[in-house]
Amino acid sequence: ELRSILGAPLGAADRSRALDVVRSGEGIASAIATARRFVDDAVAACDSLGDTATVQALRDAPAALLATVMSSARP
């Protein structure tokens, strides 16, 4: 259904329907789960770097970025 809506300029009704289709599927939840795994991987990659303020910033940055993206993406 989404494929039939996209590909041309969208009016308000089509834009609203496209958002409904995207939000009703599993794609958003899957993307969030994948992003969280990447955050976990990035934090784990810092384990061999020691325990300095800089390394802690590197550990904190991925989760902070994800939180920012998540908060700005909410309707």
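All residue numbers refer to positions in the sequence shown, counting from 1.
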_Polar side-chain atom of S16 near backbone of A12 as donor-acceptor pair, under 3.5 Å_ =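 Absent.
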*Check side chain to side chain contact (heavy atoms under 4.5 Å, CB included) between L10 and all other residues, then give those that pass, not counting sequence neighbours.*
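With neighbours one apart ignored, the set is I5, L6, D14, R15.
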*Counterpart residues, side chain to side chain contact (heavy atoms under 4.5 Å, CB included), relative to I28 (two or more places apart)*: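 Residues passing side chain to side chain contact (heavy atoms under 4.5 Å, CB included) with I28: V22, R23, I32.
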Which pairs pass salt bridge (charged side-chain N to carboxylate O under 4.0 Å, His left out) with one or both residues in [range], sequence neighbours excluded?
range          : answer
residues 64-73 : none
residues 64-73 : none
residues 62-72 : none

Provide the closest heavy-atom pair for [X] versus [Y] in the form atom of the first, atom of the second, distance.
X   : Y   : value
A35 : L66 : CB-CD1, 3.8 Å
V39 : P62 : CG2-O, 3.7 Å
V21 : S24 : O-OG, 3.0 Å

*In chain order, what residues pass the salt bridge (charged side-chain N to carboxylate O under 4.0 Å, His left out) check against D47, with sequence neighbours excluded?*
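R59.
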*Mind checking what makes salt bridge (charged side-chain N to carboxylate O under 4.0 Å, His left out) contact with R17, not counting sequence neighbours?*
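Applying salt bridge (charged side-chain N to carboxylate O under 4.0 Å, His left out) to R17 gives E1.
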*asked:* R37: which residues meet the side-chain hydrogen bond (donor to acceptor under 3.5 Å, both in side chains) condition with it, sequence neighbours left out?
replied: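 Per chain and number, R37 pairs via side-chain hydrogen bond (donor to acceptor under 3.5 Å, both in side chains) with T34.
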_Pairing residues for D60 by the side-chain hydrogen bond (donor to acceptor under 3.5 Å, both in side chains) criterion, not counting sequence neighbours_ =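 With neighbours one apart ignored, the set is Q56.
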*asked:* Test question: given the 4.5 Å side-chain rule for I, L, V, M, F, W and Y, name all other residues clustered with L49, or answer none.
replied: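 Its cluster mates, by chain and number, are V55, L58.
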